[in-house]
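Residues: numbered from 1 along the sequence shown. Because the structure is a prediction, the values reported are computed rather than measured.
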Amino acid sequence: MSAAELMNRLGLTVVSQGPAGRYPRAEPGPGQGYRYWGQALETGWRFGVQPHPKATLAPALAAAFTQAGFQIMPGRTEAFMTLSGSVQDAADQARAVMAQAQAIVAKAG
């Protein structure tokens, strides 16, 4: 399953496919000024959050995501978690990521 299909399964609307269609972005995001993004991997998916329009995550926000177990891209433009298992497992994990992201953005964003 592609990352865009995973996002559609979550009820999100894919608004951009990203570079070469490999990194779809979806809305609604976890808060004003943020949107979800994803990437299909050979063994799962990356699913996370990025500022919109694209920018770096504020230091406090990046720290809050890291403390919650998210990985931060080297340019500090996205926070994400790696999802694995069946499609249903990945969708369940993504819902948990969405809930965490919403709480983090509401508190630290």
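Listed by first and then second residue, the side-chain hydrogen bond (donor to acceptor under 3.5 Å, both in side chains) pairs that reach into residues 68-78 are Q50-E78, K54-E78, sequence neighbours excluded. For the side-chain hydrogen bond (donor to acceptor under 3.5 Å, both in side chains) condition, the pairs that include at least one residue of residues 93-109, sequence neighbours left out, are D92-R95. Sorted by first then second residue, the side-chain hydrogen bond (donor to acceptor under 3.5 Å, both in side chains) pairs that include residues 10-20, not counting sequence neighbours, number zero.
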- What do the steps show when you test I104 against V49 for side chain to side chain contact (heavy atoms under 4.5 Å, CB included), and what is the final call? CA-CA 11 Å; I104 291 167; V49 177; over 6 Å; no
List the steps and the verdict of side chain to side chain contact (heavy atoms under 4.5 Å, CB included) for I72 and F65. CA-CA 8 Å; I72 306 295; F65 276 118; 3.9 Å; yes
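Across A90 and L6, no two heavy atoms sit closer than the pair C-CD1, 4.3 Å. The minimum heavy-atom distance between G38 and A3, with the atom names listed, is C-CB, 3.6 Å. Contact between A64 and A108 at its shortest, heavy atoms only, is CB-CB, 3.9 Å.
In terms of modelled atom types and a separation under 3.5 Å, the side chain of W45 and the main chain of M1 share a donor-acceptor contact.
Contact check for W37 versus V14: no side-chain heavy atoms found under the 4.5 Å cut-off. Using a 4.5 Å cut-off on side-chain heavy atoms (C-beta onward), H52 and R25 make no contact. Contact of the T56 side chain with the P51 side chain is not registered, since no non-hydrogen atoms from C-beta on lie closer than 4.5 Å.
One hydrophobic cluster, built from ILVMFWY side chains closer than 4.5 Å, holds both Y23 and F80. V15 and M98 end up in different hydrophobic clusters when Ile, Leu, Val, Met, Phe, Trp and Tyr side chains are linked at under 4.5 Å. Under a hydrophobic clustering in which Ile, Leu, Val, Met, Phe, Trp and Tyr are joined whenever their side-chain heavy atoms come within less than 4.5 Å, directly or via other members, F70 and L41 fall into different clusters.
Checked against the 6.0 Å centroid criterion, the rings of Y36 and F47 qualify as a close aromatic pair.
The environment of CD in Q67 is sparse: at most 12 heavy-atom neighbours from other residues, nucleotides or ligands sit within 6.0 Å.
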